[in-house]
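For the numbers below, each heavy atom of this structure counts, side chains included, while hydrogens, waters and symmetry mates do not. For reference, positions follow the sequence shown, starting with 1.
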Amino acid sequence: MRKKIVAGNWKMNKTPKEAMELVAMLKDKVDTDNVDVVFCVPAINILPVVDALKGTNIAVGAQNVYFEESGAYTGEISPAMLEEAGVKYVVVGHSERREYFAETDETVNKKVKKILEHNMTPIMCCGETLEQRELGIEIEFIRTQVKCGLAGLSAEEAQKVVIAYEPIWAIGTGKTATSQQAEEICAAIRQVIKELYGDKTAEVIRIQYGGSVNGKNAAELFAMENIDGGLVGGASLKEEFAQIVNY
Ligand code: PEP
């Protein structure tokens, strides 16, 4: 039985002071007994949020990492820095990073490997554009993203990865995929994992849905056989996030 995982992606929101207010508002409201809960916060908020969440079971996630250990990479943050700071999850390959910051399947793969090497869990995002969906090529496209992202990983390593299916047309638009649409793609992702690694890995790996998840649609989405929780953007900045976690 896979444990559900709900992660909030704060994106580029909340100053350190505002982050403390949001954590204080949410931390006692989310049920962490039945669901793994993660706050993926902006880099500057990692240390204070780790501190503020001490004594809870809420984990802190980063929204990006670089794939080198250290050196002349101005502006980047290394996996060792995140690990030492207490980060447990790292979002990688989010569509916003692919679109605005030149993230590619190849850099996603390098980052996934580094994150695992540093004992953190990658939340590896994939998802199609509206145009790809209209052309009927969404499954093929996502299969490729997943295969490239996991390239070179052993079954044991792949089992630790969380995959987030996020149709780009549903992110921040208020347009949610229907639970059937989301389930269809999450099942297709599990099928790729089965082809690559066999039944056990396919059974164990967790697959989230992301794209305008809210307090009203979470229960129906998370009830689907192949959906193991959600990656939540806009609604993770509000009290509604607790409703999603406690669906
Ligand atoms: C996201 O940022 O990963 C996301 C799914 O955003 P939203 O929930 O706002 O659509």
Side-chain angles (χ1 to χ4, degrees), residues 7-16 18-19 38-47 49 59-85 87-118 120-133 138 141-153 161-173 175 185 189 208-213 230-237:
N9 174 16
W10 292 12
K11 311 197 188 196
M12 198 177 71
N13 293 296
K14 303 295 174 191
T15 63
E18 290 166 346
V38 190
F39 293 170
C40 299
V41 305
I44 196 164
N45 294 333
I46 288 171
L47 285 169
V49 171
V60 175
Q63 299 173 13
N64 186 33
V65 68
Y66 198 53
F67 50 75
E68 295 291 351
E69 285 297 333
S70 64
Y73 303 104
T74 303
E76 292 295 323
I77 294 185
S78 78
M81 292 172 192
L82 295 182
E83 184 185 14
E84 191 180 307
V87 165
K88 301 293 179 208
Y89 294 83
V90 186
V91 178
V92 59
H94 191 283
S95 58
E96 288 153 15
R97 294 214 62 86
R98 292 180 193 259
E99 183 177 353
Y100 307 130
F101 303 101
E103 190 86 279
T104 64
D105 286 340
E106 196 190 345
T107 57
V108 167
N109 179 244
K110 287 183 178 175
K111 290 179 180 188
V112 164
K113 287 176 177 160
K114 275 289 164 194
I115 293 162
L116 289 169
E117 254 177 52
H118 284 268
M120 299 179 287
T121 300
I123 299 180
M124 188 182 89
C125 303
C126 58
E128 82 284 4
T129 60
L130 186 57
E131 197 186 4
Q132 286 164 332
R133 178 162 280 267
E138 68 276 18
F141 180 73
I142 288 159
R143 282 177 61 88
T144 304
Q145 281 188 322
V146 171
K147 282 185 189 172
C148 294
L150 299 178
L153 263 59
V161 176
V162 173
I163 298 179
Y165 165 55
E166 299 207 306
I168 295 169
W169 47 271
I171 297 180
T173 58
K175 243 193 220 174
I185 304 290
I189 293 170
Q208 299 174 309
Y209 166 76
S212 300
V213 174
L231 182 56
V232 183
S236 71
L237 301 168

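Remark: the Glu103 side chain and the His94 side chain contain no N/O donor-acceptor pair separated by less than 3.5 Å. Defined by atom type and a distance below 3.5 Å, a donor-acceptor pair is missing between the side-chain atoms of Tyr89 and Gln63.
Taken from SG in Cys126 to CG in Asp105, the straight-line distance is 10.0 Å, to the nearest 0.5 Å. Expressed to the nearest 0.5 Å, how far CD of Glu84 lies from CD1 of Ile46 amounts to 12.5 Å. The distance from atom CG of Leu150 to atom CG of Asn109, rounded to the nearest 0.5 Å, is 8.0 Å. Distance check, rounded to the nearest 0.5 Å: CD of Glu128 to OG of Ser95 gives 10.5 Å. To the nearest 0.5 Å, the span separating CD on Glu138 from CD1 on Ile168 amounts to 12.5 Å. The structure places CD1 of Ile189 at 9.0 Å from CD of Gln145, a figure rounded to the nearest 0.5 Å.
What you find for Ala62 and Val87 is that their closest heavy atoms are N-CG1, 3.8 Å. Contact between Val108 and Met124 at its shortest, heavy atoms only, is CG1-CG, 3.8 Å. Heavy atoms only, all atoms of each residue included: Val65 and Ser78 are closest at CG2-C, 3.7 Å.
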Next item on the list: Would you please test Cys125 and Leu231 for side-chain contact (heavy atoms from CB on, under 4.5 Å) and show each step?
Entry: CA-CA 9 Å; Cys125 303; Leu231 182 56; 3.8 Å; yes
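Here salt bridge (charged side-chain N to carboxylate O under 4.0 Å, His left out) pairs that include residues 59-76, with residues two or more places apart or in two chains, are Glu69-Lys114.
Under the side-chain hydrogen bond (donor to acceptor under 3.5 Å, both in side chains) criterion, Lys11 pairs with Glu96, not counting sequence neighbours. By the side chain to side chain contact (heavy atoms under 4.5 Å, CB included) test, Lys14 is found to be paired with Trp10, Glu18, Ala19, Leu22, Asn45, Leu237, residues two or more places apart in sequence or in another chain being considered.
Residues Gln132 and Trp169 have side chains not in contact (no heavy-atom distance under 4.5 Å, counting atoms from C-beta outward). Side-chain atoms of Val161 and Leu116, non-hydrogen and from C-beta on, do get closer than 4.5 Å to each other. No side-chain heavy atom of Lys111 sits under 4.5 Å from any side-chain heavy atom of Pro122. Residues Pro167 and Tyr209 meet the side-chain proximity criterion, which asks for heavy atoms closer than 4.5 Å. At least one side-chain heavy atom of Leu82 sits under 4.5 Å from a side-chain heavy atom of Val90. Looking at heavy atoms from C-beta onward, Asn64 lies out of side-chain contact with Val92 at the 4.5 angstrom threshold. Counting only heavy atoms from C-beta outward, the side chains of Ile142 and Ile185 approach each other to under 4.5 Å. In this structure, Val60 and Val41 have side chains that are in contact, with non-hydrogen atoms separated by less than 4.5 Å.
Using a distance-only test at 3.5 Å, with no hydrogens or angles considered, no donor-acceptor pair links the side chain of Gln208 to the main chain of Ala164. With hydrogens and angles disregarded, a donor-acceptor distance shorter than 3.5 Å links the side chain of Ser212 to the backbone of Ala170.
In the displayed structure, Ile44 atom CD1 is contacted under 6.0 Å by at most 12 heavy atoms of other residues, nucleotides or ligands.
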